[in-house]
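What you see is a predicted model, and the numbers here were worked out from it, not measured in a lab. Protein chains get the first letters and strands the later ones, always in sequence-line order, with residue 1 at the start of each.
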There are 2 protein chains.
Amino acid sequence: MSSNLEKESSAGRPRSEEAHRAILDATLQLLAEVGFSALTVEGVATRAGVGKATIYRRWPSKLPLVVEAFSQLPALEESDTGNLRDDLKKMLRSYLNLFNSTPLATVLPSLAGELAHNPELSELLNPVIRGRRQPLTRALERARDRGEIAEGIDLDIAADLVVGPIAVRLFFGGGPISPKIVGPIVDTALRGIQTSAV
Amino acid sequence: MSSNLEKESSAGRPRSEEAHRAILDATLQLLAEVGFSALTVEGVATRAGVGKATIYRRWPSKLPLVVEAFSQLPALEESDTGNLRDDLKKMLRSYLNLFNSTPLATVLPSLAGELAHNPELSELLNPVIRGRRQPLTRALERARDRGEIAEGIDLDIAADLVVGPIAVRLFFGGGPISPKIVGPIVDTALRGIQTSAV
DNA sequence: ATAAGAACGAAACGTATAGTATCGTAATAG
DNA sequence: CTATTACGATACTATACGTTTCGTTCTTAT
């Protein structure tokens with residue numbers, strides 16, 4: 001039971017690593033192009049240049065396939081400069097850059113829209129999504145320990161305040177998101193909207 | 001050409017207002033239950049208790065049907081108390097209440113997820129969505145004119161800062177959103193996260 | 001060498017469901 | 001009362017999904 005999970009049979013053709021990667025890549029591409037509902041195993045097979053049986057041999061359905069493909073996308077990159085403002089800007093900027101180099105920007109809304117109707121996907125994907133925010137949470141906790149956070153601030157709300165504007169633009173903005181907005185967003189979130197005189 | 005668009009034929013059975021409403025209601029229900037992609041005209045017809053032809057007689061495809069159904073959902077309710085903090089809390093609280101009394105909470109993520117892949121829907125729906133935020137924009141503009149907004153604050157970012165946390169919870173939170181979080185969100189956004197000493 | 005075993009890509013199969021067209025019936029205007 | 005239009009129901013046709021089957025290719029062990 002505790003032996004190697006990968007190699008169990010002594011003979012026969014081994015599974016192709018190349019096909020594995022091609023399948024996951026094709027899944028991400030199609031997820032970005034057509035969304036979760038319109039994604040079909042047949043489409044993935046064609047795009048990846050493999051037979052459908054090759055996919056069903058590894059994943060029982062498109063659901064775990066999508067979850068594994070999404071899990072391979074890069075997450076927030078940790079930053080610990082000793083200063084909250086710099087940490088936030090650094091993390092958000094590098095994350096926004098991923099929107100250009102990966103299908104993240106289209107995959108995220110697509111999956112989010114599906115979560116509401118698909119409890120099974122929700123159950124599999126929510127832990128993954130939650131884990132990806134940890135670098136942000138940790139940066140805020142470090143700032144709190146350094147005394148950088150004002151009294152009575154809920155860290156969850158603080159995190160949502162920083163991420164929220166980007167999420168709104170991602171979901172409803174339509175166009176690409178410039179990394180230039182990170183500065184104003186973080187500055188505004190840290191300082192507040194109101195005049196200090198109020 | 002410039003005559004009445006509604007009544008053009010002098011004889012024959014008039015279109016049923018009841019069927020019209022039933023179709024739009026069924027569309028919203030199904031949109032919330034199964035999402036945009038899985039929504040079918042056939043399903044809407046069954047749920048509404050009408051024939052498919054009755055739907056196709058009025059809308060050429062499910063796309064404009066969905067747009068019209070969504071447009072009927074209530075928008076942000078204007079508030080002008082003379083104080084930004086009160087306006088924001090009032091508007092957001094009443095909007096969150098709509099999440100319980102309408103399918104808004106599930107329809108919004110569902111449509112947002114589709115916008116990324118469906119340019120046609122995007123074109124039809126984005127103006128509608130933008131229009132729904134106007135009460136928020138106007139409240140911020142009034143506050144700016146009263147001098148309540150700090151120097152150098154971008155009003156778009158300010159708006160996103162207030163709406164963002166709710167959007168994040170709506171899309172990724174899973175569960176229901178308590179109106180109790182409106183207070184902390186607005187207070188944090190107005191005052192800022194950081195200690196004033198920094 | 002060679003036989004056995006497993007995975008490979010391609011393609012055939014059966015099913016489900018979409019959108020369209022057609023039916024007899026019901027409701028309104030002249 | 002007759003003409004006209006909308007109504008709900010249903011039959012039709014085509015597409016395309018997930019599943020399974022097929023001959024072939026690759027790897028290991030004898």
Side-chain angles (χ1 to χ4, degrees), chain A residues 3-27 29-31 33-69 110 114 117-118 120-121, chain B residues 3-27 30-31 33-69 114 117-118 120-121:
Chain A
S3 65
N4 196 324
L5 284 167
E6 289 299 320
K7 118 172 267 164
E8 68 295 271
S9 55
S10 54
R13 182 175 178 175
R15 291 194 178 169
S16 161
E17 286 292 332
E18 191 186 332
H20 201 85
R21 274 192 304 273
I23 292 167
L24 290 176
D25 282 353
T27 303
Q29 284 176 28
L30 286 172
L31 210 53
E33 288 173 23
V34 305
F36 179 86
S37 311
L39 179 89
T40 66
V41 173
E42 181 148 34
V44 172
T46 304
R47 175 72 61 100
V50 305
K52 285 195 267 184
T54 302
I55 297 179
Y56 280 108
R57 206 172 284 123
R58 301 164 194 236
W59 295 276
S61 71
K62 82 169 175 179
L63 220 137
L65 169 62
V66 164
V67 172
E68 183 171 338
S110 168
E114 190 67 19
H117 321 293
N118 199 328
E120 209 179 338
L121 179 69
Chain B
S3 64
N4 197 325
L5 285 167
E6 288 300 319
K7 121 172 265 163
E8 67 296 275
S9 56
S10 54
R13 181 176 177 174
R15 291 195 178 168
S16 161
E17 287 293 332
E18 191 187 334
H20 201 85
R21 274 192 305 274
I23 291 167
L24 290 176
D25 282 353
T27 303
L30 287 172
L31 211 51
E33 288 173 24
V34 305
F36 179 85
S37 311
L39 179 89
T40 66
V41 172
E42 181 147 34
V44 172
T46 305
R47 175 73 61 101
V50 306
K52 283 197 270 185
T54 303
I55 297 178
Y56 281 108
R57 205 172 286 122
R58 300 163 195 237
W59 295 274
S61 71
K62 82 170 175 179
L63 219 136
L65 169 62
V66 165
V67 173
E68 182 170 341
E114 191 67 19
H117 321 293
N118 199 326
E120 209 178 339
L121 179 69

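At whole-Å resolution of the value, CD in A/Glu17 and P in C/dA7 are 13 Å apart. Atom pair B/Arg15:CZ and C/dA27:C1' shows a separation of 15 Å (rounding to whole Å applied). Rounded to whole Å, the distance from NE2 on B/His20 to P on D/dG8 is 13 Å. The distance between atom CD of A/Glu42 and atom C1' of C/dA12, rounded to the nearest whole Å, is 12 Å. We find that CG of A/Leu65 is positioned 16 Å from C1' of D/dC17, with the value rounded to whole Å. The CD-P distance, from A/Glu18 to D/dC26, rounds to 12 Å in whole Å. Rounded to a whole Å, the CH2 atom of A/Trp59 is 14 Å from the P atom of C/dA7. Atom NZ of B/Lys62 and atom C1' of C/dA18 are 10 Å apart (whole Å).
Within 4.0 Å (heavy atoms only), A/Ser61 reaches no atom of the nucleic acid at all.
Nearest-nucleotide mapping onto DNA chain C: of B/Gly43 and B/Pro14, the residue sitting toward the 5' end is B/Gly43. For B/Ser16 and A/Pro60, each mapped to the nucleotide of DNA chain D holding its nearest heavy atom, the one lying further toward the 5' end belongs to B/Ser16.
A cation-pi arrangement, defined by a distance under 6.0 Å to the six-membered ring centre and an angle within 45 degrees of its axis, is present between A/Lys62 and A/Phe36.
In this structure, B/Arg47 pairs ionically with B/Glu33, as a charged nitrogen and a carboxylate oxygen lie closer than 4.0 Å.
A/Thr54 has no side-chain polar atom (N or O) that falls below the 4.0 Å cut-off from OP1 or OP2 of C/dA7. At the phosphate of D/dT25, neither OP1 nor OP2 sits under 4.0 Å from any side-chain N or O atom of A/Arg13. Distances shorter than 4.0 Å separate some side-chain N or O of A/Arg57 from OP1 or OP2 on C/dC8. Remark: A/Tyr56 is not in phosphate contact with D/dT20, judged by side-chain N or O atoms under 4.0 Å from OP1 or OP2.
For B/Lys52, taking side-chain heavy atoms from C-beta onward, the closest of the listed nucleotides C/dT22, C/dC8, D/dT10 is D/dT10. Distances from the side chain of A/Ala19 to the nucleotides C/dA7, C/dG9, D/dC17 place C/dG9 closest. Of the candidate nucleotides D/dC7, C/dT22, C/dA18, C/dT22 has the atom lying nearest to any side-chain atom of B/Ala53.
For the residue pair B/Thr27 and B/Leu39, the shortest heavy atom distance occurs at O-CD1, 4.0 Å. Taking every heavy atom of both residues into account, B/Ile23 and B/Thr54 meet most closely at CD1-CG2, 4.3 Å.
No hydrogens or angles considered: a donor-acceptor pair under 3.5 Å links the side chains of B/Arg58 and B/His20.
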